[in-house]
Amino acid sequence: MRRGLLATLSCLAAALCLSCAPATPSDPEPGEANALDLERMIRQKRYAPYEPSELFNDGAVMRHPPEGTVPNDRVTGDPGLTRGVAGGAHVASIPIPVTLELIRYGQGRFEIFCAACHGVAGDGESEVARNMTQRRPPSLVDPRVQAFPPGRIYQTIVEGYGLMRSYEPQIPLRERWAIVAYVKALGRSRAAALDALPQPVQERARKELP
Ligand code: HEC
């Protein structure tokens, strides 16, 4: 009786084990749905780069790009305008007309894309900066960064710098220069001599500043 029970139990255990044993991996046919096989795109029938192929007249599997194709990382147009660097040097002035409208536009973009780290005033005071223990986003209004030619600030936006990522995909060309103009304006707003201001602004400043 006791023996019989044991035998039944071990049979049951073996049956359970069988039902939970992993399926032996096998190459599914292309197109065969197998929810457990996460590798099927890797293991499907396919050509490797440079392999010969009878599919094309030249016997090679790799195709030439159509005539006139431009690689998406090719610098087109004026590199000073698109990359901020021309003839091996950062451009020394903003290559688009700087208007009050452009600077105001740059302010909006700066506050969206840069202020979270560099602070609304560009002085490096932000919640992110306080919590970035590895390397803080620097103040953009201190003399070190303000001495950068505009092309260098532009290049930082396009390529990133050290721990800072590139904002090339998010910020199109004109917006980048608008931000550069605003960063320069922020610097000026820090270090402006009172009598260098236009007359009406000077009068207002004398009245309102303590
Ligand atoms: C997520 C945080 C973050 C954002 C957003 C950010 N930065 Fe930075 N930035 C940094 C950090 C961190 C550094 C310092 C990187 C290092 O030294 O490795 C830095 C460095 C810089 C520098 C100094 C580069 C140098 O040569 O010393 C400039 C200029 C700059 N950022 C401009 C910008 C501008 C303009 C924007 C907006 C388009 C921006 N950053 C957005 C974090 C950020």
Side-chain angles (χ1 to χ4, degrees), residues 38-39 41-42 48-50 62 65 69-194 196-197 201 205 209:
L38 301 176
E39 303 270 279
M41 281 184 78
I42 297 172
Y50 300 103
M62 284 169 79
T69 305
V70 178
N72 75 353
D73 57 352
R74 179 180 303 168
V75 175
T76 50
D78 169 9
L81 178 70
T82 59
R83 312 305 294 175
V85 180
H90 293 112
V91 295
S93 61
I94 295 176
I96 61 172
V98 178
T99 59
L100 187 57
E101 189 217 344
L102 187 84
I103 296 174
R104 289 217 169 106
Y105 187 58
Q107 173 174 17
R109 299 284 108 183
F110 179 90
E111 288 174 0
I112 291 170
F113 288 109
C114 321
C117 294
H118 292 283
V120 176
D123 55 3
E125 286 304 323
S126 73
E127 203 50 42
V128 174
R130 275 187 285 279
N131 287 285
M132 259 182 103
T133 46
Q134 215 175 355
R135 204 150 50 219
R136 278 178 71 116
S139 161
L140 303 182
V141 293
D142 77 13
R144 184 186 74 90
V145 175
Q146 282 296 319
F148 289 172
R152 177 153 170 191
I153 301 174
Y154 181 91
Q155 187 191 36
T156 306
I157 300 174
V158 175
E159 294 176 14
Y161 178 83
L163 288 184
M164 182 183 141
R165 53 159 289 188
S166 152
Y167 285 86
E168 184 174 16
Q170 286 80 20
I171 310 179
L173 186 143
R174 189 168 174 277
E175 296 184 14
R176 297 175 203 147
W177 286 117
I179 292 174
V180 173
Y182 184 65
V183 169
K184 289 286 179 188
L186 275 179
R188 292 242 181 136
S189 76
R190 283 284 169 134
L194 210 51
L197 298 175
V201 184
L209 290 176

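Sequence positions, counted from 1, serve as the residue numbers for this chain. Note that the structure is a prediction, hence the values are computed from the model and not measured.
Partners of L173 under the side-chain contact (heavy atoms from CB on, under 4.5 Å) rule, at least two apart in sequence or in another chain, are L81, T82, Y154, R176, W177. The side-chain contact (heavy atoms from CB on, under 4.5 Å) check on P71 picks up D73, R74, with sequence neighbours excluded. Every residue two or more places apart in sequence or in another chain was checked for a salt bridge (Lys or Arg N to Asp or Glu O under 4.0 Å) with E101, and none qualifies. For R136, there are no side-chain hydrogen bond (donor to acceptor under 3.5 Å, both in side chains) partners, not counting sequence neighbours. D123 is linked by a salt bridge (Lys or Arg N to Asp or Glu O under 4.0 Å) to R190, counting only residues two or more places apart in sequence or in another chain. Applying the side-chain hydrogen bond (donor to acceptor under 3.5 Å, both in side chains) rule to R135 yields no partners; only residues at least two apart in sequence or on another chain are considered. For R152, there are no salt bridge (Lys or Arg N to Asp or Glu O under 4.0 Å) partners at least two apart in sequence or on another chain. With sequence neighbours left out, E168 forms a salt bridge (Lys or Arg N to Asp or Glu O under 4.0 Å) with R83. Under the side-chain contact (heavy atoms from CB on, under 4.5 Å) criterion, R144 pairs with P138, D142, F148, sequence neighbours left out. Among residues two or more places apart in sequence or in another chain, the side-chain contact (heavy atoms from CB on, under 4.5 Å) test is passed with E127 by R130, N131. Under the side-chain hydrogen bond (donor to acceptor under 3.5 Å, both in side chains) criterion, E111 pairs with Q107, not counting sequence neighbours.
Counting only residues at least two apart or in different chains, ring-ring contact (aromatic ring centres under 6.0 Å, His included) contacts with residues 87-126 comprise F110-Y182.
S126 places a side-chain N or O within 3.5 Å of a backbone atom of C117 that can act as its donor or acceptor partner. With hydrogens and angles disregarded, a donor-acceptor distance shorter than 3.5 Å links the side chain of Q146 to the backbone of L140.
The two residues A121 and V141 make their nearest non-hydrogen contact at O-CG1, 3.7 Å. Of all the heavy atoms in C114 and I179, the pair that sits closest is SG-CG2, 4.1 Å.
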- Task: May I have the step-by-step check of side-chain contact (heavy atoms from CB on, under 4.5 Å) for K184 and V98, ending in yes or no?
- Result: CA-CA 11 Å; K184 289 286 179 188; V98 178; over 6 Å; no

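Remark: E175 CD to L102 CG distance equals 10.0 Å, nearest 0.5 Å. Atom-to-atom distance recorded for L163:CG and Q134:CD is 5.0 Å, nearest 0.5 angstrom.
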